[in-house]
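Along the sequence shown, the residues carry numbers beginning at 1.
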Amino acid sequence: MLCILLNRIRANHYNLAASRWRKDLTDSPMCECGLKEEDVNHVIWKCSRYVNERVDLIKKDIKEKIKEKNLVVVKMIAAFFKKIKRNLQKSKKEKKEETLRDGPPNQGGKRNGTVERPI
C-alpha cells in the first residue's frame, strides 16, 4: 500500500480534486477551503481544513525527513491522509465512471483498444 501511495504522489495521480479535474471527473480543481487547487502539496501543507491534523507532521519535523527520502516519510504521509479520512486511491465510483467513459481495459491493460508496443 505504501508503494502505491508513493507512486500516486510522484505521478501526480490521486483522488483529490486537482487530479480528478484533469480527468474530467469533477467540475473544479479547487479545494473546499477556497484557497487553491486541491493537490497533495496543498492538503499536506496549506489547507486550513487540516490545521489540527498537520500538527503531528510538524512535531515530527517531516520537512527535514523528506530530504532523507526514506519509507518513514511515506508512512507519516499515509498516516496523515488516514487521519483526515482522505483516500488517494480511486474510489469505486471513480473506477466505475472511468470504465463507463473509456470502456473496460483490454488484455494489455490499456483502454480504448490501444496496445502498448515494445520499442
All heavy atoms of Arg86 vs all of Asn15, minimum pair found to be NH2-O, 4.0 Å
Sequence neighbours excluded, the answer for side chain to side chain contact (heavy atoms under 4.5 Å, CB included) partners of Lys75 is Leu2, Leu71
Across all chains, not counting sequence neighbours, the side chain to side chain contact (heavy atoms under 4.5 Å, CB included) partners of Val72 are Asn70, Met76
Give the table of side-chain donor-acceptor pairs shorter than 3.5 Å for residues 25-36, with sequence neighbours excluded, one pair per line with atom names and distance.
{"from": "Ser28", "atom 1": "OG", "to": "Met30", "atom 2": "N", "distance (Å)": "3.0"}
{"from": "Glu32", "atom 1": "OE1", "to": "Arg49", "atom 2": "NH1", "distance (Å)": "3.1"}

- Query: Taking the side chain as C-beta and beyond, is there a heavy-atom pair between Ile44 and Val40 under 4.5 Å?
  - Reply: yes
Sequence neighbours excluded, the answer for salt bridge (charged side-chain N to carboxylate O under 4.0 Å, His left out) partners of Lys83 is Asp56
CZ (Arg8) and CZ (Phe81) are apart, to the nearest 0.5 Å, by 12.5 Å
Taking it one step at a time, do Val43 and Asp39 satisfy side chain to side chain contact (heavy atoms under 4.5 Å, CB included)? CA-CA 6 Å; Val43 170; Asp39 60 13; over 6 Å; no
Using the rule given for side chain to side chain contact (heavy atoms under 4.5 Å, CB included), can you reason through His13 versus Lys23, listing the C-alpha separation, both sets of side-chain angles and the distance that settles it, and then say yes or no?
CA-CA 10 Å; His13 183 75; Lys23 294 177 248 169; 3.3 Å; yes
| message | Does either side chain, that of Asn12 or that of Tyr14, offer a donor lying less than 3.5 Å from an acceptor on the other one? | response | yes
To the nearest 0.5 Å, atom OH of Tyr50 lies from atom CG of Leu57 at 13.0 Å
Hey, does Trp21 have a side-chain heavy atom less than 4.5 Å from the side chain of Asp24? no
